[in-house]
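Numbers restart at 1 for each chain; the letters A, B, ... are given by sequence-line order, proteins then strands.
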Amino acid sequence: MPASLSLDTLEKAVSGTAAAFRCISHYKPAGGVGDKVFPPTYEGGTYATEIRRIDGELVPCVLLDSVQSQANRMELALLEAWEVKRIPLPLMIIDFEKANLPKPLRITSLEAPHRIADALLRDSLLGGKVFRKSDHGKKLDHVSLQHATALFELCPTALVFGMWDSTGPRGGLGAKFPRAMVSEIVGLHAQPGRKTSSRLDPAQIQTNAGPIYQTREDDEIGWTTEPSRAAKDSKKQPILYNRSKSEHGKPGNPSKANHSNVTPSITDGGVTISKAVQTTVLSLPALRRLRFPLDKGPSKPEVDLAARVALAALGLCAAALNQEQGCDLRSRCQLHPTTPFVWHLLDKPGEDSDEFALTPDGAVAVYRDAVAHAKKAGLPWVEKEIVLTPSPQLGDLVRRSQELAASQGEVGDGGV
Amino acid sequence: MFCIGIRYLCGWAMATHPADRLRPEWPPHPDRVFMALTAAHFETDGGPEENAALKQLAALPSPALSAANGHDRQTVTTFVPVNDESSPISKKGKSIMPSGTLPVGRDRQPRSFPVAVPERDSVYMIWSGASLTDQARRALQGLCRKVTAVGHSASLVQMWVEDNPPEPDMVPSDRAGAPLLLRVPWHDRLGQLEASFDAELRPSLSGWQGYDSPATTPAPAPASSTIFAPDLVVLRRLEGRPLGLESTLILTEALRGAVMKACPAPLPEWISGHEGTSPESPPSKRPHLAFLPLPNVGHQHGDGRLLGVGLAIPRDVLVEDQQRCLSSLLFNTDGYLARFRLAFGRVGDWDVTMDDREDRPQALHPETWTSAGWSRPSALWATVIPIVLDRYPKAEGDAERTIRHACRRIGLPEPVDVVTSGAPLFVGSPHSRGFPPFQSGPRGTKRFHTHAVIEFAEPVQGPVLIGAGRYRGYGLCRRWRKEGQ
């Protein structure tokens, strides 16, 4: 069993010349080998397939969870740990409590897609001022790789997962922090499968029980079988009900109101895999580029090291907490680990790498120690969450969006 | 010797090919690696020694590469949340569904992240005869360790200076038809990149270098070859109506027009095919540029469709002259492969670009037409497009004698046998009657043409373009097998 990763080891690695910590873990479908899993589908219903050479053989593979998706999961794992006070972490929260929304809402910097540089924070207020004009917000105008202190203070995850301040004062030339952490899951020996779709109506409503017609706007059900109660078109004919406007079923068919049976169909869907492989890499050169001056002068090496070690510990902690949460990627895509989580320190090419075990509790402990060291070195660290309120315009937009969603149905955005 | 090793830590490379935004770049181009080193230098305030080392590196000749095959991940469209506005309401006034970790909707824009998965995760760039100062070597050792990614920021790498590299798989080649084209840093590349950065512009692209596999086996005794170099420049059709072999003359004439228009003045004889610069100048007596169609023929599914066009360059044209005359047509000012138009008049037009793909149809591989490289020289050749005879055959054997003479005229030995035929010899090629007549001479006389099979005493190498229409694609031949194709 490899030794546990300690803070001391982490500090030696960050201050040395090693390239990365890498963890390669194997999984199988939770339903057992041979069970189907469903990868993410992209535009056109396609999967991201590829060929890899493994043990001399060309093997068909499929992407099961992308870099962006894995980063989102790691940030959510950090958020859950923060919520139960398991880890300290500077956090910005936009609280919509006073925006009178139909559904309560709170958005954190761990959920905003562009982190602390996200448009939601830009359109929110802190202490009555627009965020980027507030004392904390103004600090972001001057961050760079050589001046990363403010980000360490306010949003250290931006330094681990990357950030681009594309809508700040410098627009597209705003501060850019490349990610230091990359993770991805790929399924091996992927063979496409088929999936079935059908519906049996418990009320056994027959197609011939229709047609159904669209009612006038003041009717809450929305449809009727009586032509006399139907809304009329320009030729005074009753309008056949067609809420979903999908290609399935004719207008007027009870299935358009989600009644009656759906004819079973078989389409392409899912894959069987021999196993899934998750590769997670934390780049140490990426952290070594960052500098953390505490005053107007250049940064001090010991302060830089303390901040970089804390960020490395944060990245490893995020990965470990994400592993702890299990691998339920999406509907019908749950994976179970078959190997322990072992981290390799990649140093000299061609030489064996050192191995380390890192449990979630161990990762949290190392992270807490690293943060304590960083604070002792003089680095700023916001202990308590910073709460912003949405601007009236943002609150209004979100309220309208929730009301529209309830009445009209939401528009899919085609995202993954 | 100096070598840089690059290990892709995630097992894949995420970098967009400069000529096609939907395709990954593999192997990594030397200029991309140079840009990664330059970024690391400036982003870490590297000192004057690093700066000087980079200048020395850029001034070296192009490196050889050791890199395994890469397999493209299927390029998919990902919808990435925008950041210019936070509204969860679409432009059409509908509520956008929350997605990912964000609990409110957000407009998203399509993006692609092309990925190549190499069969080995390490690549080596090898400067065999390089001479760097010790100071430069040490500076580059430190600089390599600072590089985080090559390509997209997710394409994490480890980079180092390697003292014992493996043998290269690809070496720089100056021949016009080199199978691989990679961007390489030239001379003041560091200054160029700095200037682009200071001007807040994206970096301009650097120059292109052809690459080919090194000769690893003893070369066989050279086969007889023609006046044309075997390194055809292959252009593939990107857009435009499909055309058949019958449209050969229309296509090659349009290509000739495009080449001449793009060639900087003065127009050389090997491009124009005339001794002087005026159109009334007499035809050149020396070999000049030939234009040939590249049809889908010679196999079960051959249908005669033209997949592209090619340029056959005379052997005696210097590489510098080729680059001077053809670069502005084949590459745009940013160094990308150019897309240009061949106009056919009322038949329509084609958009074409140089084909640098590894995986392409057989018809677009130069070796298919030259029997060089993997294809091997052949003693038996047959016409895909009929040979134009410069005089009408009146007596028996006239056609065969004319064809024998035409072979010698392009540098080939006297054939041992010539058999003429009206019928085609390859699946997909029309009967000789299906080809419009070739017209030449001051009165535009229509010439006689015929298919033929030609046998030589020894294998010969192509391209084999014979007869009076050879510079316009007529008389295009391909290796032929007696028992079938």
Looking at side-chain heavy atoms only, is the closest gap between B:E43 and A:K176 below 4.5 Å?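 The answer is no, as the side chains (C-beta and beyond) never meet within the 4.5 Å cut-off.
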Checking [X] against chain B: side chain, backbone, both or neither under 4.5 Å from a heavy atom?
X: A:A180; answer: backbone
X: A:I24; answer: neither
X: A:D123; answer: side chain
X: A:V186; answer: side chain
X: A:A48; answer: both
X: A:L397; answer: both
X: A:L120; answer: both
X: A:T49; answer: both
X: A:L145; answer: side chain
X: A:D396; answer: neither
X: A:Q393; answer: neither
X: A:R400; answer: both
X: A:V67; answer: side chain

At a heavy-atom distance under 4.5 Å, which candidate from [options] has the highest pair count against chain A?
options: B:H152, B:R120, B:Q158, B:E162; result: B:Q158
options: B:A154, B:P118, B:P81; result: B:A154
options: B:D45, B:V157, B:V104, B:L156; result: B:L156

What part of B:V115 gets closer than 4.5 Å to chain A, counting heavy atoms only: side chain, backbone, both or neither?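 When you check distances to chain A, no heavy atom of B:V115 falls under 4.5 Å.
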Can you tell which part of B:A149 gets under 4.5 Å to a heavy atom of chain A, answering side chain, backbone, both or neither? neither
Chain A neighbours within residues 1-15 of chain B, where any heavy atom lies under 4.5 Å away: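 Within residues 1-15 of chain B, the residues that come under 4.5 Å of chain A (heavy atoms only) are B:R7, B:L9, B:C10, B:W12.
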Minimum-distance pair of heavy atoms, taken over all atoms of B:N83 and A:A119: OD1-N, 2.7 Å
Salt bridge (Lys or Arg N to Asp or Glu O under 4.0 Å) for B:R106 and A:D118? Distances and angles first, verdict last. CA-CA 11 Å; B:R106 173 76 60 93; A:D118 196 79; 2.6 Å; yes
Between the side chains of B:R73 and A:E184, is the shortest nitrogen-to-carboxylate-oxygen separation below 4.0 Å, so that they form an ion pair? yes
Identified side chain to side chain contact (heavy atoms under 4.5 Å, CB included) counterpart of B:E119 within the set A:L58, A:I54, A:I51: A:L58
Output the distance between atom NE2 (A:H114) and atom CG (B:L102), rounded to the nearest 0.5 Å. 9.5 Å
How long is the straight-line distance from CZ of A:R288 back to NZ of B:K146, given to the nearest 0.5 Å?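 Rounded to the nearest 0.5 Å, the NZ-CZ separation comes out at 11.5 Å.
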